[in-house]
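As structure tokens, the structure follows; a few thoughts come after it.
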Amino acid sequence: MNVREEILALTEELNAANRKYYELDAPDMQDFEYDQKLRRLEELEQAHPELMQPDSPTQRVGGKALTSFAPVQHPVPLESLQDVFSLEELEEFYQRVCDTISEPSFSVEPKVDGLSVALEYENGVFVRGATRGDGQTGEDVTENLKTIHSIPLKIQGAPERLIVRGEVFMPKQVFHALNAKREEAGESLFANPRNAAAGSLRQQDPKIAAKRRLDILVFNLQLISGEAPETHTETLELLKSFGFHVIPYRKCTTASEISEMIREIDAGREHYSFDIDGAVVKVDRLSQRALMGSTAKYPRWACAYKYPPEIKPTVVEDIVIQVGRTGVLTPKAVVKPVRLSGTTVTNATLHNQDFISEKDIRIGDTVLIRKAGEIIPEILEVDFTKRPEGTVPYLIPESCPVCGGPTKRDADGAMIRCENESCPAQKTRFLTHFASRDAMDIDGLGSAIVELLVEEEMVDTPADLYALEGERVAALDRMGQQSAANLLAAIEKSKENDLWRLIFALGIRQVGAKAAKVLASHFGTLEAIRQASEEELMAINDIGAITAANIRRWFERPLNQEIVEKLKKAGVNTKCLTEVKDQRFAGKTFVLTGTLEKMTREQATEVIESFGGKASGSVSKKTSCVVAGPGAGSKLRKAQELGIEILTEEEFLRLIEE
């Protein structure tokens, strides 16, 4: 391959990786591999500038703004950083700074691996938040950012205008819990916290973003009206006084101090609540930054030291199968304990049969393992030179390892499921889901209590919950008379729930809370849904062919029919409590924005649904109408750009009173 061909190939490959990473939140190239290929492309372009392509990734910061969010022009560009990969390269950066300015001091900070955003304030009020995008233009994600509790919505004593830059991330514990929940539900796992944070921040519905419990660390002052501090570290202290969570930092003056701090950050990375992929070194005095300036892509006064991924060999001692609440069989490799990125790794995800077969992973194999995004242990490849004799390809068993029931591969995917509806593993997770907050909301009935009830054979199906006896519940471990009374009261209260909660609680595949509300509103009763044909189900907005088929299959199973009858006899409500007055809003989608003065958003949503419409959290081409109150921001602007009908609250009230 000649130089021109290599430049073309690298440009195409890296642009494709950029799009998957920044725009689709579906990275398929590891960071270290990307960094090395980008470095190679930079070297080739420097030697042959005439061959540089117009769309070269070396000339860009990140991905384009998504069209699903309104574009935002950054008043101050959100620059990227020049990467260095060794202490020698770090020393070269230090010398370049010292050759340009005298007696520099530096701030050394951990590099959070998240999603960079700019937060804009006017007279102390948070008015806009945007992703970095390509550094010049980002995406308006204000409503989703408002769900992050560590972002102050109002700042006391703030200047007239303020723009700060921070990194949105998903805390490690939240990431683990989210992936565990997705695994139980048979859903694909997020590759790393950064991927999860980006996907959460780009949700069209802010309620989903709120549930993801994102966080942010502010690391730069972009713009401030009036007198500004003289150093970067002083700006961080100022922002801290405003109520922001700021990046931890240490001031350094010598190259050895910088190197030592970078080593300290690396050694302590397991103690951070956030994932990191390096350390950032910045000139502290702002006037010296201005003197050094920037290239077309990077500031000359900062660099990012990237830690190489830690990869170690270990041995696959066993492969075990876990069964989720929907029956999905998920394989995991039990590996010989190995210390990796500060923690001891004893198992690794294997995703599914396709992943195992593609890499030909067998029990007894020596494999190279690392943590994806420093969190999830993953197997990179097998060292076939060390494969023991007599190993055989691994196949997920044809019978469930928990109950021995038959398994079947999904026709539309790579998942293999246990088909035994009475499988104990599915039973426990199904009951836990049934009682969860978004379903029947039975306070105090968590997974630990569910396991006790199942072990003691007191509960077999959700209907059995409504026949529990107080004395038997009180006799369980970690229970007592008062706890048992509270639990039974919560179970009794759940009988009054609206129909949509029951539909969601039944755990029908691909029927989430939103689809459950649509079904309840359209059919009115559980019995009507039970009798509906696939064609009738598919005639409803938001219910596709696969979901309709899943609903029919669920209600056709004898066990599920028995559960429904028992729930009815127990007195569980099976009717929609949201009165549908008429269908004047049928097929229409409303978005509520700003402050509603005559009703809450929840009340307005109930009104819309009572007239056959639905409420959404974001504006798109499918939006029929926007109801805008005082303080409406990005949603109102986007509606105006798209030519969508806009109503005041008074106009909306007159419309529903007609």
Side-chain angles (χ1 to χ4, degrees), residues 26-33 176 179-180 182-192 195 308-324 326-420 423-426 429:
D28 64 349
M29 183 182 294
Q30 297 296 329
D31 289 352
F32 192 74
E33 180 185 1
H176 282 306
N179 258 356
R182 293 175 70 87
E183 185 176 28
E184 281 191 8
E187 299 172 344
S188 61
L189 303 185
F190 285 112
N192 50 54
N195 180 230
E310 188 176 10
I311 300 172
K312 288 185 178 179
T314 186
V315 176
V316 177
E317 297 181 328
D318 197 5
I319 295 178
V320 297
I321 303 293
Q322 292 185 327
V323 183
T326 60
V328 173
L329 275 60
T330 303
K332 284 190 176 182
V334 178
V335 300
K336 185 176 181 180
V338 58
R339 193 75 176 169
L340 198 62
S341 298
T343 60
T344 300
V345 172
T346 57
N347 56 67
T349 181
L350 293 175
H351 302 291
N352 51 49
Q353 182 65 62
D354 290 349
F355 180 86
I356 297 172
S357 299
E358 179 184 346
K359 295 186 180 293
D360 192 16
I361 299 169
R362 306 181 184 185
I363 296 173
D365 274 343
T366 296
V367 296
L368 294 181
I369 191 171
R370 73 168 167 198
K371 287 186 178 179
E374 305 303 331
I375 296 293
I376 304 175
E378 68 173 0
I379 292 175
L380 294 178
E381 60 183 50
V382 175
D383 185 346
F384 294 107
T385 64
K386 296 182 179 179
R387 170 166 284 172
E389 293 183 6
T391 62
V392 295
Y394 182 85
L395 296 175
I396 292 179
E398 295 182 357
S399 59
C400 174
V402 175
C403 69
T407 62
K408 184 178 179 181
R409 183 169 179 143
D410 286 355
D412 56 347
M415 301 300 181
I416 297 175
R417 299 177 188 271
C418 169
E419 294 196 292
N420 177 16
C423 177
Q426 295 183 60
R429 290 186 171 91

Checklist entry - Between atom OG1 of Thr330 and atom CD of Gln322, what is the distance when rounded to the nearest 0.5 Å? => result 7.0 Å
Next on the checklist: Quick one, Ile416 and Gln353 - any side-chain contact, counting heavy atoms below 4.5 Å?
Outcome noted: yes
Next on the checklist: I need the Thr346 OG1 to Glu317 CD distance, nearest 0.5 Å.
Outcome noted: 9.5 Å
Item to check | Distance-minimising heavy-atom pair for Val315 and Gly364 | outcome: CG1-O, 3.9 Å
Checklist entry - Nearest heavy-atom pair of Val323 and Ala425: which atoms, and what distance? => result CB-CB, 3.7 Å
Next on the checklist: I'd like to know if the side chain of Lys359 and the backbone of Leu380 have a donor-acceptor N/O pair within less than 3.5 Å.
Outcome noted: yes
Checklist outcome for this item: Shortest non-hydrogen pair, Gly404 vs Ser399, comes out as O-CB, 3.6 Å
Checklist entry - Would you say the side chain of Asp360 lies within less than 4.5 Å of the side chain of Arg387, judging by non-hydrogen atoms? => result yes
Checklist entry - Can you check whether Thr391's main-chain N or O pairs, donor with acceptor, with Arg362's side chain at less than 3.5 Å? => result yes
Item to check | Nearest heavy-atom neighbours spanning Val338 and Pro313 | outcome: CG2-O, 4.2 Å
Checklist entry - Between Lys332 and Ile319, is there a donor-acceptor pair closer than 3.5 Å when you use the side chain of the first and the backbone of the second? => result no
Next on the checklist: According to side chain to side chain donor-acceptor pair (under 3.5 Å), who are the partners of Thr366, at least two apart in sequence or on a separate chain?
Outcome noted: none
Checklist entry - For Val316 and Ile379, what are the C-alpha separation, side-chain angles and deciding distance, and is it a side chain to side chain contact (heavy atoms under 4.5 Å, CB included)? => result CA-CA 10 Å; Val316 177; Ile379 292 175; 4.2 Å; yes
Item to check | Any donor-acceptor pair under 3.5 Å from Thr407 side chain to Glu398 backbone | outcome: yes
Checklist entry - Should Ile361 and Leu350 be marked as a side chain to side chain contact (heavy atoms under 4.5 Å, CB included) after you check the CA-CA gap, both sets of side-chain angles, and the distance that decides it? => result CA-CA 9 Å; Ile361 299 169; Leu350 293 175; 3.8 Å; yes
Checklist entry - Does the Arg417 side chain pair with the main chain of Gly324, one donor and one acceptor, at a distance under 3.5 Å? => result no
Next on the checklist: For a side chain to side chain contact (heavy atoms under 4.5 Å, CB included) check, start with the C-alpha distance between Thr314 and Val345, then their side-chain angles and the critical distance, and finish with the verdict.
Outcome noted: CA-CA 10 Å; Thr314 186; Val345 172; over 6 Å; no
Item to check | Minimum side-chain heavy-atom gap Pro424-Cys403 below 4.5 Å | outcome: yes
Checklist entry - What closest approach, in Å, do Pro388 and Asp365 show between heavy atoms, and which atom pair accounts for it? => result CD-OD1, 4.3 Å
Checklist entry - Taking all non-hydrogen atoms of both residues, which atom of Leu329 and which atom of Pro397 are closest, and how far apart? => result CD2-O, 4.4 Å
Item to check | Check: Asn420 main-chain N/O paired with Gln426 side-chain donor or acceptor under 3.5 Å | outcome: yes
Checklist entry - Are the charged groups of Asp318 and Lys336 less than 4.0 angstrom apart, N to O? => result no
Next on the checklist: Apply side chain to side chain contact (heavy atoms under 4.5 Å, CB included) to residues Arg370 and Glu378 and explain how you reach the verdict.
Outcome noted: CA-CA 6 Å; Arg370 73 168 167 198; Glu378 68 173 0; 3.4 Å; yes
